[in-house]
Amino acid sequence: MTPPSGPGAATGPRTDRPRRRRTATGGTGARRTAAAGRRGAPLPLLLPGVLALAFLLVPLLALLVRAPWRSLPDRLTSAEVWQALQLSLVSATAATAVSLVLGVPLAWLLARTDFPGRGFVRALVTLPLVLPPVVGGVALLLALGRNGVVGQWLDSWFGITLPFTTAGVVLAEAFVAMPFLVISVEGTLRAADPRFEEAAATLGASRFTAFRRVTLPLIAPGIAAGAVLAWARALGEFGATITFAGNFPGRTQTMPLSVYLALQNDPEAAIALSLVLLAVSIAVLAGLRDRWLTGV
């Protein structure tokens, strides 16, 4: 066959080739620009960045350098330290369980339902994140104390007294840790496709059945991440615990409180307990690296 001739046929190929050439050049130029941007950092940004990194790392390195490594096993197995460690683990786990039972439904309400004042409710939920823990302890004491707004009825009707008890430790830790779980689960729910729940509803499932059979498996990673964060926050809680539950060895003295007390009498024991909390924090970060700490 004879190739078509004419002005239209002659200009078609010449028009396509420059277009492909421009696209390739643009992609190469973008890659070169990105690579050039990663070559180095300007000095006015490099120096403050290095200083910030040193400011964050040097205290942790000092903790490792000054740690009593030889006597560390004996100190960590002493009766007082083991008592505080055991109470901390139990109370943090119980606070995380309370946060799961109450926080997951709250996160679902914030993510899946519309009601007046939802933004205000969300702000109240996140308030313990920025509220000083001591203020949270005072608020708990005024609410659940023996003469508190709710605590007086618990005492007179059921004989339940929460302050300065192990249950008070759990409540104080849950108060400061639950927002971490709610924020994590709400974000996961907003990212999940609601059409799966709608499909389950069209097949005759109730809304609670759809939540239990469809939504929970979808948001399980977000729940797990939020639970880990809540557990770590509960384990390190100090201000609300000492204000609402006190500092009684064997009953309310958790690891942070034990560190504070040991720092006055036995600094090496305080360093040993601090190393345990540091190890737990590193383990939490390592467990969450695939969710939040990977580079883009």
Side-chain angles (χ1 to χ4, degrees), residues 53-99 128-129 131-138 140-141 162-178 180 227-289:
L53 183 62
F55 175 73
L56 295 175
L57 292 183
V58 167
L60 302 179
L61 294 176
L63 187 64
L64 296 175
V65 170
R66 294 298 182 88
W69 295 106
R70 292 183 178 180
S71 61
L72 188 62
D74 295 333
R75 292 185 179 278
L76 291 181
T77 55
S78 65
E80 296 80 6
V81 171
W82 178 248
Q83 213 171 35
L85 176 61
Q86 187 178 16
L87 179 62
S88 294
L89 295 176
V90 171
S91 59
T93 304
T96 304
V98 172
S99 300
L129 294 176
L131 192 71
V134 175
V135 177
V138 172
L140 287 172
L141 198 60
L162 294 174
F164 310 109
T165 62
T166 305
V169 175
V170 174
L171 289 179
E173 292 178 351
F175 178 78
V176 299
M178 190 183 299
F180 290 90
V228 171
L229 280 177
W231 186 83
R233 180 64 184 88
L235 188 68
E237 168 52 33
F238 175 82
T241 303
I242 197 172
T243 307
F244 182 64
N247 186 16
F248 300 100
R251 189 171 64 180
T252 64
Q253 189 180 91
T254 57
M255 288 178 63
L257 274 63
S258 182
V259 169
Y260 176 75
L261 186 65
L263 192 60
Q264 305 174 19
N265 304 319
D266 190 359
E268 290 191 349
I271 295 174
L273 280 172
S274 300
L275 285 176
V276 175
L277 292 174
L278 178 62
V280 170
S281 301
I282 293 175
V284 169
L285 291 178
L288 295 176
R289 69 186 187 278

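Owing to the predicted nature of the structure, the values given are computational and were not obtained by experimental measurement.
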Please tabulate, one pair per line, all N/O donor-acceptor pairs under 3.5 Å involving side-chain atoms of residues 57-66, not counting sequence neighbours.
none

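- Separating the CD atom in Q253 from the CG atom in L87 is a distance of 8.5 Å, to the nearest 0.5 Å.
- Distance OG1/T165 to CZ/F248: 10.0 Å, rounded to 0.5 Å.
- For the pair S71 and E268, the minimum side-chain heavy-atom distance is below 4.5 Å.
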Less than 3.5 Å apart, which donor and acceptor atoms pair up between the side chains of residues 270-287 and the rest of the protein, not counting sequence neighbours?
| unit_1 | atom_1 | unit_2 | atom_2 | d |
| --- | --- | --- | --- | --- |
| S274 | OG | A270 | O | 2.7 |
| S281 | OG | L277 | O | 3.0 |

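- In terms of heavy-atom proximity, S91 sits nearest to T254 at OG-CG2, 4.2 Å.
- Here the side chains of T241 and P256 are not in contact, with every heavy-atom distance at 4.5 Å or above.
- In this structure the side chain of F238 never reaches within 4.5 angstrom of the side chain of P133, judged on heavy atoms.
- Minimum interatomic distance between Q83 and P249 (heavy atoms only, all atoms of both residues): OE1-C, 4.3 Å.
- Considering every non-hydrogen atom in both T96 and A227, the closest pair reads CG2-O, 3.6 Å.
- The nearest pair of heavy atoms linking F244 to L140 is CE1-O, 3.4 Å.
- Atom-to-atom distance recorded for I242:CD1 and N247:CG is 5.0 Å, nearest 0.5 angstrom.
- Judged purely by atom type and a 3.5 angstrom limit, E237 uses its side chain to pair as donor or acceptor with the backbone of G239.
- When every heavy atom of A230 is checked against every heavy atom of A177, the shortest pair comes out as O-CB, 3.3 Å.
- Not one N or O on the side chain of T252 forms a donor-acceptor pair closer than 3.5 Å with the backbone of T166.
- Taking a 6.0 Å sphere around OH of Y260, one finds it holds 12 or fewer heavy atoms contributed by other residues, nucleotides or ligands.
- Judged by distance alone, the side chain of T93 and the main-chain N or O of L89 form a donor-acceptor pair under 3.5 Å.
- With a 4.5 Å cut-off on side-chain heavy atoms, F180 and L129 count as touching.
- Atom OG of residue S99 and atom CE of residue M178 lie 4.5 Å apart, to the nearest 0.5 angstrom.
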